[in-house]
Amino acid sequence: MAELLGTFEQAVLLVMVRLGSEAYGRAILHQVNESLKREVSAGSVYTTLDRLEARGLIISKLAEGTPARGGRPRRYYAIAADGVRALNDAHRTMTALWASIQWPAKVSR
Amino acid sequence: MKAAGSPPRWAEFILERLLISKDRRTVTGDLREEYVEAILPRMNRIRADLWYVRQVLSLAPSCASARINVHKVLRLVSLCTFVCACWLAGVESLLRHSGFVMRLGIDAAIGLVALAAILVRPLHLGIRAERCLWTGAIALIGQGTEALIRNARSTHFEGFVLVISLLLMLQGILMFFSLGRGIDTPRNAGRGIGSLE
């Protein structure tokens, strides 16, 4: 089994799955904020993207910018085969863990 | 000065200096786009600018760790702080001026925080233990600032107090930047947003 992904890493990868070919830095940052319903800093998102890329779970390529960006290029990210495998592993592991317990648990007073 | 509808120029300038060339234009472009299209329409200019500055600050630790080994610098500064605390404690217990017991306690606390900052990584005490040390970092910054202000107001300015207070503040800031953030570990060494050049 591949090394298990952290919760935030999973969140970033799942957002990338949702965005598909539109997954670039700003879109990922924006979508992670929306999905987690809290303000996530750019530092957390870019550091996670950087780490995932260094682990070979995602790949990136540059594309042209827009006037709103002052003409600066966009870096688009895509999930690599190892990334899909890591997500599948994480999903399987979490499903198995949740399936092994009764939920919701009763709160004892 | 800044153009209408664009993030603070000084903050963008700092971010550009912090990031390595690979990320310089893409990351600043992303933040500018988010600022213009999502943040500015939702809130007033001051709050939008604060949002931008917060993003720059959130990127600073990973950029800094990509350029310098912050933890190595922290260990060195902590060692200096520890030596200073021992020296101060020694002097206090020799001179025994009034209130020396309280000052001895403060010196011991500073020494312990410095020692903990040196040992927390080599002993693999974990990210939680590192985050506990943020309390010590706040205390060190507070103590350093207080000593600095008191020294500035004092009738005779003492150089060694200035050095020690700056050292305490530097250590506190470095503790925030390098501990409890999962950077500089063997797995992540040299990574961070600025390191994939």
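Here the structure is a predicted model, which means the values were calculated and not measured. Residue numbers begin at 1 in each chain, while the letters A, B, ... track the order of the sequences.
Side chain to side chain, A:Arg72 and B:Thr28 meet the donor-acceptor criterion of an N or O pair below 3.5 Å.
Rounding to the nearest 0.5 Å gives a distance of 6.0 Å between CG of A:Asp50 and NZ of B:Lys22. To the nearest 0.5 Å, atom CD of residue B:Gln55 and atom OG of residue A:Ser44 are 8.5 Å apart. Expressed to the nearest 0.5 Å, how far CD of B:Glu37 lies from OG1 of A:Thr66 amounts to 6.5 Å. We find the CG-OG distance between B:Leu57 and A:Ser41 to be 10.0 Å, quoted to the nearest 0.5 Å.
Placement of B:Met102 and B:Val113 within a single hydrophobic cluster is found when ILVMFWY residues are connected by side-chain heavy-atom separations under 4.5 Å, directly or transitively. Cluster annotation: B:Leu50 is not connected to B:Val36 through the hydrophobic network of ILVMFWY side chains, with a link wherever side-chain heavy atoms come within less than 4.5 Å. With hydrophobic clusters built from ILVMFWY side chains whose heavy atoms lie under 4.5 angstrom apart, A:Leu14 does not share a cluster with A:Leu97. In the hydrophobic clustering of ILVMFWY residues, with side-chain heavy atoms under 4.5 Å counting as a link, B:Phe176 and B:Leu167 come out together. In the hydrophobic clustering of ILVMFWY residues, with side-chain heavy atoms under 4.5 Å counting as a link, B:Met43 and B:Val56 come out together.
Considering only heavy atoms from C-beta on, A:Glu39 comes within 4.5 Å of B:Arg54 through its side chain.
Heavy atoms of other residues, nucleotides or ligands lying less than 6.0 angstrom from CZ of B:Arg17 number more than 12. Summarising the local packing, CD1 of A:Ile101 is surrounded by more than 12 heavy atoms from other residues, nucleotides or ligands at distances under 6.0 Å.
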- Message: Between B:Val27 and A:Tyr46, is the side-chain contact (heavy atoms from CB on, under 4.5 Å) condition met? List the steps.
- Response: CA-CA 8 Å; B:Val27 173; A:Tyr46 287 113; 3.9 Å; yes

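With B:Glu33 contributing its side chain and A:Ala68 its backbone, the two residues share no donor-acceptor pair below 3.5 Å.
Against chain B, the residues from residues 15-30 of chain A that qualify, each with a non-hydrogen atom under 4.5 angstrom away, are A:Tyr24, A:Gly25, A:Arg26, A:Leu29, A:His30 in number order.
Ion pairing of B:Asp30 with A:Arg74 is absent here, as no side-chain N (NZ or NE/NH1/NH2) approaches a carboxylate O to less than 4.0 Å.
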